[in-house]
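For reference, the structure discussed in these notes is given below.
Chain letters run A, B, ... following the sequence lines, proteins first, then strands; residues in each count from 1. What you see is a predicted model; the values in this text were computed from it and never measured.
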Amino acid sequence: MIVRDFFIYLFIMAGVTYLIRVLPFVIFKGKITNTFIKSFLYYVPYAVLGAMTFPAILFSTGNYISSVAGFIVACILAFKEKSLLIVAIFACVTALAVNLICMAV
Amino acid sequence: MTDFKKGLKDGIPIALGYISVSFTFGLQAVSVGLAWWEAVMISFTNLTSAGQFAGLDIMVRGGGFWMEMACTQFIINLRYSLMSLSLSQKTDESVKGIHRWITGFGITDEIFAVSMGNEKEISNKYLYGVILLPILGWTGGTLLGVTAGSVLPSVVRDSMCIAIYGMFIAIIIPPAKKNSAIFKVVIISVLLSCIFKWVPVLNNVSSGFVIIICTIIAASIGAIFFPVKEEKE
């Protein structure tokens, strides 16, 4: 990617993200009352993260077996409500262990 | 303790968490071909995780996908508008005018959550305090990540690319466990994204739009069938 294109992308990303945060903060005084919009916004983060995570996680480490192993470990730890950091670290360690085993055999 | 110091203190755990996430962002950014300063600039100006990772996917394809970039960022980060809206109800009279334009930049999931956890209304000094360290952590962590990217062996780098997904899973699963509506929305979104990955023709749709489509459909279904009565968080 050429530098000019990078700066256009940067400007778009940062600009859109900034305006989304600031405009409601600056403009709105009252509360959202529309139930549909309220509910839609409530579910957005979960829908976004779900779509971003799966199936992309299966291709994340360049090896299906280690990706699946890391995915399973992450799900178990998240189910036990471990912190974000712990879940992420153990997913990485698992993937690394499986990758190293795959390289050895 | 002054409001500013209280904010700084509340920001410390957030900053530590951000260092680790942005570390993987830096790692991934250089692994897909960005320069170190490009990765650092993205983190410093965006201060968001999911949006930046999705932005990388678009950037690696080269220039020209401007509209897709704008739409992707809009949908992924739309949740911030809800947060800044509720935060605007929580601030005292000192947070006005230019202060809103500046502190609004720092509204992230975690900073929002911590700010809303205060018993009293919050001042602009508190907001500046709570935002400062997370910005440094997010930007500094990215710098560490791009540096480590050139030092670590490739098998370690590859393995660490799963970190961000591990974190996403850690965000989704606990609430999905307790709230079946969230669980259903996540499942719908995941199924849709699998369809866009593996069904012929549909798998030509680019990654940014796939996230947008999955999100709009899944969140709409959630909003229609499981409307939220009260603020649940």
Side-chain angles (χ1 to χ4, degrees), chain A residues 1-2 5-6 8-10 12-14 16-18 20-26 28-29 31-32 35-36 38-57 60-62 66-67 70 74-75 78-79 81-85 87-88 91-92 95-96 99-100 103, chain B residues 17 20 38 41-42 45-46 48 50-51 55 59 62-63 66 69-70 73-74 76-82 84-85 88 100-101 104-105 107 155-156 158-163 165-174 182 185-186 189-190 193-194 197 211 214-215 218-220 222-223 227-228:
Chain A
M1 186 178 48
I2 60 171
D5 287 350
F6 168 77
I8 298 175
Y9 275 134
L10 184 75
I12 295 172
M13 284 175 80
V16 170
T17 307
Y18 176 68
I20 286 171
R21 284 171 167 150
V22 160
L23 289 184
F25 202 41
V26 173
F28 290 102
K29 302 277 192 291
K31 284 231 171 212
I32 296 180
T35 310
F36 179 82
K38 242 170 69 179
S39 308
F40 179 82
L41 289 172
Y42 174 78
Y43 290 119
V44 160
Y46 306 106
V48 167
L49 296 182
M52 281 192 76
T53 303
F54 203 89
I57 190 171
S60 61
T61 66
S66 67
S67 301
C75 287
F79 195 80
E81 308 203 5
K82 302 294 178 198
S83 74
L84 307 196
L85 196 55
V87 174
C92 290
L96 179 61
N99 270 339
L100 290 174
M103 283 167 77
Chain B
S20 48
E38 291 177 329
M41 277 188 77
I42 293 173
T45 55
N46 281 261
T48 181
M59 284 187 172
W66 318 127
M69 178 65 94
Q73 298 301 317
F74 179 77
I76 292 182
N77 293 328
L78 195 55
R79 66 185 189 282
Y80 291 135
S81 58
L82 184 70
S84 59
L85 203 55
S88 71
R100 289 210 170 200
W101 289 95
F105 171 75
I107 298 169
V155 63
V156 177
D158 290 347
S159 305
M160 289 188 71
C161 286
I162 202 172
Y165 300 109
M167 245 164 281
F168 290 165
I169 288 171
I171 296 173
I172 300 171
I173 289 191
I182 293 177
V185 168
V186 169
S189 187
V190 164
S193 106
C194 288
K197 182 73 195 180
I211 295 171
C214 296
T215 302
S220 298
V228 179

Of all heavy-atom pairs linking Pro174(B) and Ala78(A), the shortest is CG-O, 3.7 Å
Between Arg79(B) (side chain only) and Val44(A) (backbone N and O only), is there a donor and an acceptor less than 3.5 Å apart? no
Max heavy-atom pairs within cutoff under 4.5 Å with chain A, candidates Val185(B), Val156(B), Ile76(B), Thr48(B), goes to Val185(B)
Between Tyr165(B) and Thr53(A), the two heavy atoms sitting closest are CD2-CA, 3.7 Å
Closest non-hydrogen atoms of Ile162(B) and Ser60(A), given as atom of the first, atom of the second and distance, are CG1-OG, 3.4 Å
Just so I know, are the side chains of Phe36(A) and Pro227(B) near enough to count as touching, which here means a heavy-atom distance under 4.5 Å?
no
Main-chain N/O of Tyr80(B) paired to Arg21(A) side chain as donor or acceptor, under 3.5 Å: no
Taking every heavy atom of Arg100(B) against every heavy atom of Val22(A), the minimum-distance pair comes out as O-CG2, 4.3 Å
**Prompt:** Quick one: does Tyr18(A)'s side chain have a donor or acceptor within less than 3.5 Å of a partner on Trp101(B)'s backbone?
**Reply:** yes
For Ala51(A) and Ser193(B), the nearest pair of non-hydrogen atoms, with its separation, is O-OG, 3.5 Å
Pair count under 4.5 Å, heavy atoms only, with chain A: among Thr45(B), Ile107(B), Val186(B), highest is Ile107(B)
When every non-hydrogen atom of Leu78(B) is compared with those of Ile20(A), the smallest separation belongs to CA-CG2, 4.1 Å
So, does Ser159(B) use its side chain to make a donor-acceptor pair with the main chain of Cys92(A) at under 3.5 Å?
no
